[in-house]
Chemist: 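Below you will find the structure I want to go over with you.
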Amino acid sequence: MPARLLRNLLLTLALFAITWPAFFCHSPAGDAAAPVSPWKNVYDTNAHYVGMQTCRTCHEPIYQTFIQTGMGQSFGVATSQKTAADFSPDHALVYDTALDYYYKPYFDHDSFYIMEFRLEGRDTVHKRIQQVNYIVGSGQHTNSHIFGINGYLYQAPITFYTQKHRWDLAPGFEKGANTRFQRMIELECMSCHNGYPDFVDGSENKYTVLKTGIDCERCHGPGSLHVEDRKNNPQVDTSKGPDYTIVNPRRLSTELQNNVCQRCHLQGIAVLNDNKSFFDFRPGMKLSEVMNVFMPEYEGARDKMIMASHVERMKKSQCFIQGGKMSCITCHNPHISVKFTPRAQYLNACQACHGTAAGQLACSESEAARAVKNNDCVSCHMPHNSSIDIPHVAVTDHFIRKRPADDTMEQKISAFLGLKCFNNDHPDAITTARGYMEFFERYAPSRGLLDSTLAYLDKDQAVEKLKQNRDYIRLYYLLNDFPKVVTYASALQPAAVTDAWTAYRAGEAYYQLQQPDQALAWYRRATELWGYALDFRNKYGICLLALNRLQEAEAVFNFVVGQNPNHISANTNLGFIYLQQGNKEKSYACMMRAYQLDPDYEQNLLNMAVWYHNYQQPGEAAKVLLHLLKRHPDNERAKAMMQDLGTHPG
């Protein structure tokens, strides 16, 4: 889902030679004046969201058509009415060849479940059943699946691909990258696939209230000022002028119209500006006021496109470059589903500039060739292409070209050219550096990206010291240069750091350098800033464990499993603590809980082998170690334990 898609292609592309970027972006000179807008709900901090049902009271006809659009159907409760999937025995089974798991989706009454299981011969040696709570996607292209645990949301590992009418691993879960039931649904993903949720501050993926579908205010801005004005004043005659209490995108400039759409239809590497969140963009703003969105550029990748790259592709078109007036709503009515939009609407948009009027550039193709296509401009100039980030999906390519068919031949990708920002022509050097680090972390772990990062960071020495430390800490953390991370961290006090990731990375650096006493304050600071980031808190507990502060560590791990009983590492760590305390039953229960969640988790398997050994069950210990070495053949501790048991690993 963003936030983390693109993964498979980009990992492949990263294998090609990475060239040094040929350009550097300069920081804007001076601070820009505070932005203003005639639309009252853009910058007024008192303007708040009222919800689609409030809008519906006055706009029922628009509501009824909008809820049938892809946006209106983007997110819903997992019911048999919502799903577009085929659950027949011939279709509803997925096998992950890399990790050796089967997945079977099914309904029990009107509750949706996914069963994960593993076979050895005819025996089922692992089975996990997870209820699915939400379905993402209108069903036009896909249905993906989300489940929640105490408000923490995760993506399920299989997706139904509507166009191919098949189940398969979810995007980014293929080729050994299956994270099973642990991929977090973070705010970047949720904020584009749904209306704005109620998000728990200090978490990565915890929500209290979820909407069901993208709503009116995502394109029109918060509606409270408009509702209040309509209650107290006569209705504005919009045939004579705008109603400035709420944004009407059609009355915005072309640039600002596209900014509304590219908030979600410009999928790439989104770098938030300092002190901004994914909640902060409002229609009528420039997207660059909140974030900068970068896309990788490759030599020989002219027709490589991701599913939600509509704005990026459109901006490559001469229709956009030379026309100056082209926006998404030139062709689309956001209130009407594409399924119900007459084809003539799109063709008329083409004819407005390429018709028979004097001075217009008409189609140069022969009448006979045009007749074969029924004079359908879109079918020739905007063909359906396969998406590179979502398998089994083809989407309309919004890169409008004279003869795109000539460009669809297989092309060899020869070089990575750099990242290009598609919503800001002049991103500053620090922002660009963050784009390279984000790209490295999410999609393409190539050293060349971090070399580019360093060049951009070193270019901009005018930024405040704290920011530089934050970014250098991130860079050297990604390089696994932990001494360098500590060098930058030592110039800071944990209590003064306001970025949870910076605190966490500093803690990790000290811990990797076998200095848990120094790491502890940094881990603690990360949990103070993000109290519901369970992986941060789990690492804090591990650090306490390393310092032999078992009682404190136990309390930390119990907090984590209290929030999410399925947290594998926290269950593993509790099992270890109870084993140290001699609590046979509780240690075994925690280890078995972790084992049921992930039968291949290395540390838990080692702990289980120790448990069986301590309680005089050497045969069971050997079975666990043999399984561990089957899945992780390079584990030296397991090999040593096998020798101690007098059993040959082979």
Side-chain angles (χ1 to χ4, degrees), residues 2-7 9-14 16-28 188 254-255 258-259 261-273 286-322 324 326-328 385 387-389 397-401 407 411 413-444 446 448-457 459-460:
R4 317 251 180 195
L5 304 176
L6 272 174
R7 181 178 304 275
L9 171 85
L10 297 176
L11 286 172
T12 301
L13 297 181
F16 290 93
I18 292 185
T19 61
W20 192 263
F23 60 92
F24 293 100
C25 299
H26 297 276
S27 301
E188 179 179 0
T254 301
E255 178 187 11
N258 286 327
N259 274 257
C261 302
Q262 68 189 15
R263 166 64 181 88
C264 293
H265 289 270
L266 178 61
Q267 180 192 341
I269 300 98
V271 180
L272 287 169
N273 298 341
K286 290 184 178 180
L287 186 59
S288 59
E289 295 173 42
V290 176
M291 68 185 74
N292 290 276
V293 184
F294 295 86
M295 297 293 296
E297 298 274 282
Y298 295 93
E299 182 70 37
R302 182 179 175 88
D303 280 297
K304 305 295 190 233
M305 52 178 279
I306 64 174
M307 184 173 176
S309 61
H310 308 90
V311 176
E312 174 215 3
R313 301 296 282 180
M314 181 184 73
K315 287 186 172 182
K316 294 176 180 286
S317 309
Q318 290 300 312
C319 294
F320 174 84
I321 294 169
Q322 299 198 18
M326 188 175 194
S327 75
C328 305
N385 279 346
S387 161
I388 60 176
D389 58 320
D397 188 352
H398 284 64
F399 182 4
I400 308 166
R401 286 159 288 170
D407 299 321
Q411 296 174 324
I413 299 169
S414 55
F416 171 71
L417 302 177
L419 295 180
K420 179 178 178 180
C421 186
F422 273 84
N423 70 308
N424 184 354
D425 291 336
H426 302 288
D428 63 67
I430 292 293
T431 299
T432 306
R434 291 174 181 173
Y436 276 92
M437 288 189 282
E438 195 77 12
F439 188 41
F440 176 93
E441 287 184 281
R442 292 189 178 196
Y443 307 121
S446 167
L449 295 171
L450 299 184
D451 290 341
S452 297
T453 298
L454 183 60
Y456 280 107
L457 289 179
K459 178 179 177 59
D460 194 344

Chemist: Rounded to the nearest 0.5 Å, what separates atom CZ in F399 from atom NE2 in H310?
Modeler: 15.5 Å

Chemist: Got a second to check how far E438's CD is from L449's CG, nearest 0.5 Å?
Modeler: 12.0 Å

Chemist: Which atoms form the tightest heavy-atom contact between M291 and N273, and what is the distance?
Modeler: N-ND2, 3.8 Å

Chemist: Might you point out which heavy atoms bring N292 and P427 nearest each other, and give the distance in Å?
Modeler: OD1-CB, 4.3 Å

Chemist: Measure from the ring center of F294 to the ring center of F439 and say whether it is less than 6.0 Å.
Modeler: no

Chemist: Quick check against the 3.5 Å criterion: does N259 have a side-chain atom that pairs as donor or acceptor with the backbone of L287?
Modeler: yes

Chemist: To the nearest 0.5 angstrom, please state how far the CE atom of M314 sits from the NE2 atom of H265.
Modeler: 11.5 Å

Chemist: Within the 4.5 Å heavy-atom criterion, are H426 and N424 side-chain neighbours or not?
Modeler: yes

Chemist: Quick one, F422 and V311 - any side-chain contact, counting heavy atoms below 4.5 Å?
Modeler: no

Chemist: Kindly give the heavy-atom pair with the smallest separation between A433 and L457, and that separation in Å.
Modeler: CB-CD2, 3.7 Å

Chemist: Sequence neighbours excluded, which residues qualify as salt bridge (charged side-chain N to carboxylate O under 4.0 Å, His left out) partners of R313?
Modeler: D303, D397

Chemist: What pair of heavy atoms forms the shortest contact from I269 to P296, and how long is it?
Modeler: CD1-CD, 4.0 Å

Chemist: Please round to the nearest 0.5 Å and tell me the distance separating atom CD of Q267 and atom CE of M307.
Modeler: 9.0 Å

Chemist: Should the pair K316 and F320 be classed as cation-pi, given the thresholds of under 6.0 Å to the six-membered ring centre and 45° from the axis?
Modeler: no

Chemist: Closer than 3.5 angstrom, by distance alone: can the side chain of K420 be matched with the main-chain N or O of E297 as a donor-acceptor pair?
Modeler: no

Chemist: With sequence neighbours excluded, tell me which residues meet side-chain hydrogen bond (donor to acceptor under 3.5 Å, both in side chains) with T431.
Modeler: D428

Chemist: Quick one: CD on E441 to CZ on R434, what's the gap to the nearest 0.5 Å?
Modeler: 12.5 Å

Chemist: Would you call the rings of F416 and Y436 parallel, tilted or perpendicular if under 30° counts as parallel and over 60° as perpendicular?
Modeler: perpendicular

Chemist: Just wondering, do E312 and K315 contact through their side chains at under 4.5 Å, heavy atoms?
Modeler: no

Chemist: Using modelled atom types and a 3.5 Å cut-off, is there a donor and acceptor pairing between side-chain atoms of N258 and backbone atoms of M326?
Modeler: yes

Chemist: Could you measure the distance from the CD atom of E188 to the SG atom of C264? Nearest 0.5 Å is fine.
Modeler: 9.5 Å

Chemist: What closest approach, in Å, do S327 and T254 show between heavy atoms, and which atom pair accounts for it?
Modeler: CB-CG2, 4.1 Å

Chemist: Taking all non-hydrogen atoms of both residues, which atom of K459 and which atom of A429 are closest, and how far apart?
Modeler: CD-CB, 4.5 Å

